[in-house]
> 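Sharing a structure here in structure tokens format.
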Amino acid sequence: MLVNITCPKCETSGGFSISDAQYIGPYRCWKCRAAMKIHLEQNSLESCELMSEEEFSRFEQEMEIRRRAKGGR
């Protein structure tokens, strides 16, 4: 399912494809490269908050650790 996300910084619309009904994770605007944390529920955008580069990097690392703990590669 493709979900449209409008960047809160530059107002550019972008698409995000997911297979699960729920997603909480990092997203980066394709145009201005703003870092965000997004929450998708039932294929619709519930929240989108801007993050600093440091927060974004730390968040990506946490997501990777959680993914590996669940047995992902």
> To the nearest 0.5 Å, tell me how far E54 CD sits from R58 CZ.
5.5 Å

> Students often mix this up, so state it plainly: with edges at 30° and 60°, are the rings of F16 and Y23 parallel, tilted or perpendicular?
tilted

> As an exercise, state the distance from NZ of K70 to CD1 of I65, rounded to the nearest 0.5 Å.
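Reported value, rounded in 0.5 Å steps: 13.5 Å.
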
> Quick one, M36 and C7 - any side-chain contact, counting heavy atoms below 4.5 Å?
yes

> Do the side chains of F59 and L50 join up, straight or via other hydrophobic residues, at under 4.5 Å, putting them in one cluster?
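As far as the 4.5 Å side-chain criterion goes, L50 and F59 are not connected within one cluster.
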
> With side chain to side chain contact (heavy atoms under 4.5 Å, CB included) as the test, pick out the partner of Y27 among V3, L45, I5, L40.
I5

> Do the non-hydrogen side-chain atoms of K9 and C29 ever get within less than 4.5 Å of each other?
no

> Which pair of heavy atoms, one from H39 and one from E41, lies closest together, and at what distance?
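Scanning both residues completely, I find the closest heavy atoms to be NE2-OE1, 3.2 Å.
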
> What is the minimum heavy-atom distance between I38 and C48, and which atoms define it?
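Answer, listing the atom of I38 first, then C48: CG2-SG, 4.0 Å.
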
> Between R28 and E53, does at least one N-O distance fall below 4.0 Å, as a salt bridge requires?
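Answer for the salt bridge query: yes.
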
> Which pair of non-hydrogen atoms, one from I24 and one from K37, has the smallest distance, and what is that distance?
CG2-CE, 3.9 Å

> What are the two closest heavy atoms between F56 and P26, and how far apart are they?
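Scanning both residues, the minimum pair turns out to be CE1-CB, 3.3 Å.
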
